[in-house]
Amino acid sequence: MKILVTGTAGFIGMHLAIRLASNGHEVIGLDNINSYYDANLKYARLGQQGIKREDILYNKLLQGHSNIQFVEIDLMDAGNLNALFAKHRFEMVINLAAQAGVRYSITNPKDYIDSNITGFYNILEATRNFDVGKLIFASSSSVYGNNTKTPFLEEDNTDLPISFYAATKKSNELMAHTYSHLYGIRTTGLRFFTVYGPWGRPDMALFMFTKNILEDKPIKVFNQGDLLRDFTYIDDTISGVENIVNDYESADSYNVFNIGSSKPVKLLDFISAIEKCLGKKAQLEMLPMQEGDVKVTYADTSKIREKYNYKPAAEISTGIEKFVDWYKNFYSYN
């Protein structure tokens with residue numbers, strides 16, 4: 001298929017584009033390379049480390065795959081987005097582009113309206129107007145809010161998000177359902193649970209903890225460490241998406257799926273595993289619960305397992321070790 005993957009310079013987007021291209025799909029990757037975090041990491045994911053911003057347009061080099069073409073477009077730019085759809089006539093769209101981050105959404109909510117609401121609306125409209133018919137989009141485990149029933153089922157109530165980021169992701173699910181109902185677009189939402197691994201985002205816990213431990217700086221541990229997270233290794237996440245892409249003819253008109261490990265880990269155990277990989281103790285700055293954060297994430301993955309044979313396999317210790325190896329190599333630590 002010819003597939004549009006938005007957010008290709010992002011963590012999950014890069015890995016997914018490579019997997020799809022390796023499977024023989026023609027991938028058009030899109031990203032706006034915003035300044036939320038270091039753009040050099042985004043360029044490096046694209047295999048374009050060190051080149052100038054204006055030179056990256058329409059290059060066909062994403063980690064050496066000739067069947068991936070990259071274009072720099074902002075989802076807010078409906079004109080250029082529609083022109084891209086008109087040119088390529090995609091058979092499927094996978095929308096991973098979004099303003100990420102729970103904590104950032106507390107102080108910068110408008111960025112989330114622009115990217116996650118208006119940008120997603122532009123994707124929906126282009127998908128409808130150019131007869132794509134198949135849309136997979138990123139939602140988030142954050143939609144479950146402070147749900148006290150675990151593990152989280154897709155049928156659980158998600159009407160009470162506690163961060164603006166989560167509210168925009170819940171809105172995406174509602175918008176997609178409406179477009180599916182009105183215009184016959186088959187839409188599938190993916191509720192990702194704390195994805196980690198090589199090339200991860202600098203605002204995620206594993207990246208920040210590793211960086212600070214190596215630099216002899218304290219790490220912030222919220223709620224005195226009494227947090228539980230369903231960490232999901234990147235390869236398992238991508239395999240879940242891949243299975244859905246490969247079997248999309250069986251997709252319902254609208255559905256959502258959890259993509260997690262179903263093996264939640266205590267935050268302090270997570271930190272201990274990082275310390276073991278680094279051979280170095282962390283300086284812990286114990287803090288109260290942060291606004292917008294949740295105590296527990298825990299995915300029930302029986303739905304995606306039964307429909308798409310999803311079987312996460314990575315152990316947390318192995319995943320952390322692979323990230324640490326990548327981090328040391330990428331940032332030239334001895």
When you measure from the side chain of [X] to the backbone N and O of [Y], does any donor-acceptor pair fall under 3.5 Å?
X	Y	value
Tyr144	Leu153	yes
Asn67	Ala21	yes
Lys2	Arg89	no
Ser163	Val102	no
Ser142	Ala166	no
Ser180	Ser253	yes
Asn116	Ala98	no
Thr232	Asp230	yes
Lys280	Leu214	yes
Tyr112	Gly101	yes

If you measure from [atom1] on [X] to [atom2] on [Y], what distance do you get to the nearest 0.5 Å?
X	Y	atom1	atom2	result
Ile244	Met92	CD1	CE	9.5 Å
Tyr327	Thr210	OH	OG1	7.5 Å
Lys295	Arg229	NZ	CZ	10.5 Å
Asp300	Glu154	CG	CD	6.5 Å
Leu287	Ile219	CG	CD1	10.5 Å
Thr187	Asp252	OG1	CG	10.0 Å

Could you work out, with ring pair (Phe, Tyr, Trp, His ring centres under 6.0 Å) as the rule, every residue matching [X], not counting sequence neighbours?
X	result
Tyr179	Tyr183
Phe193	none
His177	Tyr254
Phe222	none

For [X], all residues meeting salt bridge (Lys or Arg N to Asp or Glu O under 4.0 Å), sequence neighbours excluded:
X	result
Lys211	Glu215
Asp77	none
Asp203	Arg201

Residues 106-126 vs salt bridge (Lys or Arg N to Asp or Glu O under 4.0 Å), sequence neighbours excluded, gives Lys110-Asp114, Glu125-Arg128
Residue pairs meeting salt bridge (Lys or Arg N to Asp or Glu O under 4.0 Å), one or both in residues 181-199, sequence neighbours left out, come to Glu173-Arg191, Arg186-Glu249
Mind telling me whether [Y] and [X] have parallel, tilted or perpendicular rings, with 30° and 60° as the class edges?
X	Y	answer
Phe207	Tyr331	perpendicular
Phe120	Phe137	tilted
Trp326	Phe323	tilted

Take a 6.0 Å sphere around [atom1] of [X] and say whether it holds more than 12 heavy atoms from other residues, nucleotides or ligands.
X	atom1	answer
Lys276	NZ	no
Lys266	NZ	no
Lys311	NZ	no

Have [X] and [Y] got a donor and an acceptor in their side chains that come within less than 3.5 Å?
X	Y	result
Lys42	Asn34	yes
Asn255	Lys303	yes
Thr301	Ser262	yes
Asp31	Thr8	no

| request: Answer with yes or no whether the hydrophobic clustering places Val294 together with Val195; edges join I, L, V, M, F, W, Y residues whose side-chain heavy atoms lie under 4.5 Å apart. | output: no
Inset, instruction - Look at the side-chain heavy atoms of Ile, Leu, Val, Met, Phe, Trp and Tyr, link any pair under 4.5 Å apart, and say whether Val265 and Phe209 land in one connected group. - result: yes
Quiz prompt | Side chain to side chain, Gln283 and Asn212, heavy atoms closer than 4.5 Å | solution = no
Flag the pair Lys134 / Thr188 as yes when at least one side-chain heavy-atom distance between them is below 4.5 Å, and no otherwise. no
ring-ring contact (aromatic ring centres under 6.0 Å, His included) pairs touching residues 257-296, sequence neighbours excluded, are Phe231-Phe270, Phe257-Tyr308
Residues 17-38 vs ring-ring contact (aromatic ring centres under 6.0 Å, His included), sequence neighbours excluded, gives Tyr36-Tyr104
Grouping ILVMFWY residues whenever side-chain heavy atoms fall under 4.5 Å, the cluster of Leu228 otherwise contains Val296, Tyr298
For [X] and [Y], work out which heavy atoms get closest and say how close.
X	Y	value
Phe164	Pro109	CE2-O, 3.4 Å
Gly240	Tyr310	CA-CD1, 3.6 Å
Gly145	Ile162	CA-CG1, 4.5 Å
Phe192	Leu96	CE1-CD2, 4.1 Å
Ala17	Ile68	O-CD1, 3.5 Å

Under-4.0 Å salt bridge between [X] and [Y]:
X	Y	result
Lys263	Glu315	yes
Glu275	Lys281	yes
Arg19	Glu242	yes

request  = Run the numbers on Ile28 and Phe90 for side-chain contact (heavy atoms from CB on, under 4.5 Å), then give the verdict.
outcome  = CA-CA 9 Å; Ile28 308 299; Phe90 302 110; 3.4 Å; yes
